[in-house]
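Residue numbers begin at 1 in each chain, while the letters A, B, ... track the order of the sequences. In what follows, every heavy atom counts, from backbone to side chain, and hydrogens, waters and symmetry copies are set aside.
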Number of protein chains: 2
Amino acid sequence: MAKRPPAPPRREGSLSRDRIIEAAIVILDEAGEGGLTFRALAERLVTGPGAIYWHIANKGELLVAACDAIVARAMSEVSGDATPEASIRAIALGMFDAIDEHPWVGSALTHAPGQLPAVRLLERLGQPLRALGVRRDREWTTVSALLSYILGVGAQNAANRQFALTEGLERGAFLASVSTAWSELDAEDYPFARSIGEQLRDHDDREDFLAGIDLILGGIGSLGHGPTV
Amino acid sequence: MAKRPPAPPRREGSLSRDRIIEAAIVILDEAGEGGLTFRALAERLVTGPGAIYWHIANKGELLVAACDAIVARAMSEVSGDATPEASIRAIALGMFDAIDEHPWVGSALTHAPGQLPAVRLLERLGQPLRALGVRRDREWTTVSALLSYILGVGAQNAANRQFALTEGLERGAFLASVSTAWSELDAEDYPFARSIGEQLRDHDDREDFLAGIDLILGGIGSLGHGPTV
DNA sequence: ACCTGAACACCGTTCAAGT
DNA sequence: ACCTGAACACCGTTCAAGT
């Protein structure tokens, strides 16, 4: 008689890397970075903390994997666009919106330098940059600037959200408190910060983000693309 | 007979906010973010962990204070420059170099949104931006873009260093490993990343950073400053 | 007023033991 | 092969007790 097959089909509830990552994303969305612990994860997956280590090396790898799942999804949803500039805007906005929906991705991306999630973004930005006619020897510098800007905004958005969540403020209250704090700075040492508080109070993060992208695109455009030096 | 004065002069070794911050900076420089614990700090200051809480509310405040000390120093060392563009470059480079020397500042800055350290930087950038003739209603958008870029590069540099430190690699080895990983990516899905690995391997972080600043400045310049719309 | 250090409520990670 | 859960070596923070 044949023995039981050595690898019986997993039962519905069995653990897997993907199920763990999915649960991690839910926790991160609900409770922020501080909420993701192996104990909370184990509870949600109805198992012990040790079980998770069979599928994932450590917390860092889990964060990168969760981040990558979001970035991959976001990038796959970006549709091709008419001009290279429009493509770059669309990719950047896709990432912005993904981070807006999952703030923890902003900091996770930054903490995983050179790893898959960032590479996905880099790759998507690279194609339209080539189409723009950026010189080969300036490709790295140029994508790198775009990437740094996108990650910079993302990380700050993440920090803002985290701060507001910790303090128990919503966005409006948070901005108001910062704006007030700035307006109370020393008049002699901080004239600019004092005067700009108003613009801070009712700005639009998404518009500002896009304006920054356009500044960089403007800089790329004004460089000229000829074979100079 | 007069009683002992109620507040005798502190003995040399007594604790103070400043001494704590200084010690924190030393630890952060030597051991990175992970090395800063209240126990390590207490040991260095020859006291107990509880004593520190008399002078500082919590770890977050300590990090912001340490970060602020570095930023204040860096900004005070930036000298006034001939043109607004040169000033902005000098401020940005001053910050870059400070983060290069104290990588943890890169992430600390990002995690303290709207707080004093970032405001110092914002203030310094604001003056030359006005001199550049940026329209009043675009001031926030413009400094914000510069700030996001500077913080973005800073946070990534911090992450790179942290990663290399954790992995026990120096910069060259780290770049080589990333470059190799990229060149081994799927040829169909990652043509750009594969081809750019070479430029990554021997790039200069400081030059790239400045090139990004110049792109943004170029974008600001090409906008025109007139009273349009 | 300022400091001490034990104690509390957590972490990430490991590992013998089970199935 | 995969899971369990106690145990280890840490954390940040608190607080009664000291000076």
Side-chain angles (χ1 to χ4, degrees), chain A residues 3-21 23-24 27-28 31-67 104 107-108 111-112 162-163 165-167, chain B residues 3-21 23-24 27-28 31-67 104 107-108 111-112 162-163 165-167:
Chain A
K3 289 185 203 143
R4 268 271 194 77
R10 308 236 168 89
R11 45 177 247 276
E12 246 268 301
S14 84
L15 235 47
S16 73
R17 197 180 146 89
D18 281 350
R19 269 174 55 86
I20 292 170
I21 291 169
I27 293 177
L28 285 162
E33 301 185 62
L36 181 65
T37 68
F38 278 79
R39 282 166 181 84
L41 200 50
E43 194 180 3
R44 173 161 240 119
L45 293 165
V46 199
T47 179
I52 295 161
Y53 282 89
W54 184 262
H55 301 274
I56 270 168
N58 52 46
K59 192 173 179 177
E61 187 187 311
L62 178 57
L63 266 167
V64 173
C67 174
W104 52 272
S107 78
H111 288 92
Q162 182 60 44
F163 190 84
L165 193 137
T166 309
E167 264 2 55
Chain B
K3 289 185 201 144
R4 267 275 193 73
R10 309 235 167 89
R11 45 177 248 275
E12 248 266 305
S14 86
L15 235 47
S16 74
R17 197 180 146 89
D18 282 349
R19 270 175 52 88
I20 293 170
I21 292 169
I27 293 177
L28 285 162
E33 301 185 60
L36 181 66
T37 68
F38 278 79
R39 284 166 179 85
L41 200 49
E43 194 181 2
R44 171 162 242 120
L45 293 164
V46 198
T47 179
I52 296 162
Y53 282 90
W54 185 262
H55 301 274
I56 270 167
N58 52 47
K59 192 173 181 179
E61 188 187 310
L62 178 57
L63 266 168
V64 173
C67 175
W104 51 274
S107 79
H111 287 92
Q162 182 59 44
F163 190 85
L165 193 136
T166 308
E167 252 23 38

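Within the 4.5 Å cutoff, the side chain of A:I21 has heavy atoms near those of the A:I56 side chain.
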Would you tabulate the nitrogen or oxygen pairs shorter than 3.5 Å linking the protein to nucleotides 6-8 of chain C?
none

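As rounded to whole Å, 17 Å separates atom C1' of D:dC2 from atom CZ of A:R17. When the C1' atom of D:dG12 is taken as reference, atom CG of B:L36 falls 11 Å away, rounded to whole Å. Residue B:I52 contributes atom CD1, which lies 14 Å from atom C1' of D:dC11 at whole-angstrom precision. As rounded to whole Å, 5 Å separates atom P of D:dT13 from atom CG of B:N58. Across the protein-nucleic acid pair, A:L15 atom CG and D:dC3 atom P stand 5 Å apart, rounded to whole Å. In this structure, B:I20 atom CD1 and D:dT13 atom C1' are separated by 15 Å, rounded to whole Å. Atom CD of A:E61 is separated from atom P of C:dT13 by 11 Å (rounded to the nearest Å). For the pair A:E33 CD and C:dG12 P, the interatomic distance rounds to 13 Å; values are reported in whole Å.
A:K59 places a side-chain N or O within 3.5 Å of a backbone atom of A:L36 that can act as its donor or acceptor partner. Remark: the backbone N or O of B:A23 is not paired with any side-chain donor or acceptor of B:R44 at under 3.5 angstrom.
Residue-environment remark: CD (A:E61) exceeds the threshold of 12 foreign heavy atoms within 6.0 Å. B:E167 CD: more than 12 foreign heavy atoms inside a 6.0 Å radius.
Residue contacts shown for B:I56 are absent, as no nucleic acid heavy atom lies under 4.0 Å away. Within the 4.0 angstrom heavy-atom criterion, no nucleotide atom of any strand lies near B:L41.
If B:A51 and A:A51 are placed on DNA chain D by their nearest nucleotide, the residue sitting closer to the 5' end is A:A51.
Separating the CD1 atom in B:I52 from the CG atom in B:N58 is a distance of 12.5 Å, to the nearest 0.5 Å.
For B:W54, the listed nucleotide lying nearest its side chain is C:dA1; candidates were C:dT13, D:dT14, C:dA1. Among C:dC3, C:dT14, D:dT13, the nucleotide with an atom closest to any side-chain atom of A:Y53 is C:dT14. When distances are taken from the side chain of A:K59 to each of D:dC3, C:dT13, D:dG12, the shortest belongs to C:dT13.
Remark: C:dC10 base-pairs with no nucleotide in the shown strands. Criterion, Watson-Crick or G-U wobble with two distances under 3.5 Å. D:dC15 and C:dG5 make up a base pair, with Watson-Crick or G-U wobble contacts both under 3.5 Å.
Between A:H111 and B:H111, the ring planes lie tilted relative to each other; the angle falls in the 30° to 60° range.
For D:dA1, the OP1/OP2 oxygens have no side-chain nitrogen or oxygen of A:H55 closer than 4.0 Å.
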